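Read the structure below first, then the notes.
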Amino acid sequence: MVNEVVLIGSDALGSPDEKLGRILMTSFLRLLSQRDELPKYVILWNGGVKLAARDTETSGFLKSLEDSGVNLILCRTCVEYFGVEGELGAGVIDGMVRIQEILANHHVLTV
């Protein structure tokens, strides 16, 4: 995969219809987890951290990516803001300094 980092900032893909956006995001993550070439990192920030909540379909796809060697990083401030610390089914919580370091040193696909 040319893009070494997939950066996700929402629990929905596109706008204006949020319901459709959630369906599209689920499909995007499912297909990403099935690719032969995987990104090195998937970073979730802002509303994207909700995708890693244990009770979501998307957390299973994120866990599959993680189990395949993808580094799944969740923004600490975002996780705390949305209050999902105890609900996460995948990923490692890290700070903005680490996220900036990764973004500055890799090709990034922003979703």
Side-chain angles (χ1 to χ4, degrees):
M1 173 172 257
V2 173
N3 297 297
E4 299 168 315
V5 178
V6 176
L7 178 63
I8 300 175
S10 175
D11 60 345
L13 188 59
S15 62
D17 192 291
E18 287 188 36
K19 183 177 179 183
L20 175 58
R22 287 189 185 92
I23 292 168
L24 293 173
M25 182 62 78
T26 299
S27 179
F28 177 86
L29 291 174
R30 177 180 54 81
L31 292 170
L32 181 64
S33 71
Q34 295 172 354
R35 292 182 60 90
D36 290 331
E37 293 182 44
L38 298 173
K40 186 171 183 177
Y41 298 93
V42 171
I43 297 175
L44 305 177
W45 64 5
N46 206 324
V49 299
K50 296 176 188 177
L51 296 167
R54 209 174 300 123
D55 63 345
T56 61
E57 184 178 4
T58 51
S59 72
F61 301 129
L62 292 169
K63 182 66 174 150
S64 176
L65 286 164
E66 195 173 38
D67 290 346
S68 296
V70 175
N71 297 288
L72 179 62
I73 299 175
L74 288 71
C75 164
R76 178 182 323 281
T77 302
C78 306
V79 167
E80 291 171 358
Y81 179 85
F82 289 109
V84 294
E85 300 96 324
E87 302 174 18
L88 300 175
V92 174
I93 300 169
D94 212 333
M96 192 58 70
V97 171
R98 177 75 175 124
I99 291 171
Q100 283 183 345
E101 179 181 293
I102 293 166
L103 295 177
N105 291 297
H106 296 86
H107 292 105
V108 179
L109 170 66
T110 302
V111 179

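What you see below is based on every heavy atom in this structure, not just the backbone, and it leaves out hydrogens, waters and symmetry mates. Worth saying up front: this structure is predicted, and the values here are computed from it rather than measured. When a residue number appears, it is its place in the shown sequence, counting from 1.
The distance from atom CD1 of I8 to atom CG of N46, rounded to the nearest 0.5 Å, is 12.5 Å. Note that the OG1 atom of T58 and the CG atom of L44 stand 8.5 Å from one another [nearest 0.5 Å]. Atoms CG and CD, on L109 and E4 in that order, are 12.0 Å from each other to the nearest 0.5 Å.
Counting only residues at least two apart or on different chains, no ring-ring contact (aromatic ring centres under 6.0 Å, His included) pair has a member in residues 10-35.
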message: Could you walk me through whether K40 and V5 satisfy the side-chain contact (heavy atoms from CB on, under 4.5 Å) test, starting with their C-alpha distance in whole Å, then the side-chain angles of each, then the deciding distance to 0.1 Å, before giving a yes or no?
response: CA-CA 6 Å; K40 186 171 183 177; V5 178; 5.9 Å; no
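Proximity of a side-chain donor or acceptor of T110 to a complementary backbone N or O of L7 within less than 3.5 Å is not detected. Proximity of a side-chain donor or acceptor of S68 to a complementary backbone N or O of S64 within less than 3.5 Å is detected. When atom types are taken as modelled, the side chain of T26 and the backbone of R22 share a donor-acceptor pair closer than 3.5 angstrom. Under a 3.5 Å cut-off, the side chain of D17 and the backbone N or O of K19 do form a donor-acceptor pair. Panel note: side chain D11, backbone L51; no donor-acceptor pair is recorded below 3.5 Å. Looking at S59, its side chain does come within 3.5 Å of a backbone N or O of A53 through a donor-acceptor pair.
When all heavy atoms are compared, the tightest approach of L65 to S33 is CD2-CA, 3.5 Å. For the residue pair L38 and L32, the shortest heavy atom distance occurs at CD2-O, 3.2 Å. In this structure, C78 and V49 approach most closely via the heavy-atom pair CB-CG1, 3.8 Å.
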Which donor-acceptor pairs under 3.5 Å do the side chains of residues 79-106 make with protein atoms, sequence neighbours left out?
unit_1, atom_1, unit_2, atom_2, d
R98, NH1, E101, OE2, 2.7
R98, NH2, Y41, OH, 3.4
N105, ND2, E101, O, 2.7
H106, ND1, I102, O, 2.9

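When side chains are defined from C-beta on, L31 counts as touching S27, because their heavy atoms get closer than 4.5 Å.
L13 and L20 fall within a single hydrophobic cluster, where Ile, Leu, Val, Met, Phe, Trp and Tyr side chains are chained together by heavy-atom contacts under 4.5 Å.
Partners of D67 under the side chain to side chain contact (heavy atoms under 4.5 Å, CB included) rule, at least two apart in sequence or in another chain, are K63.
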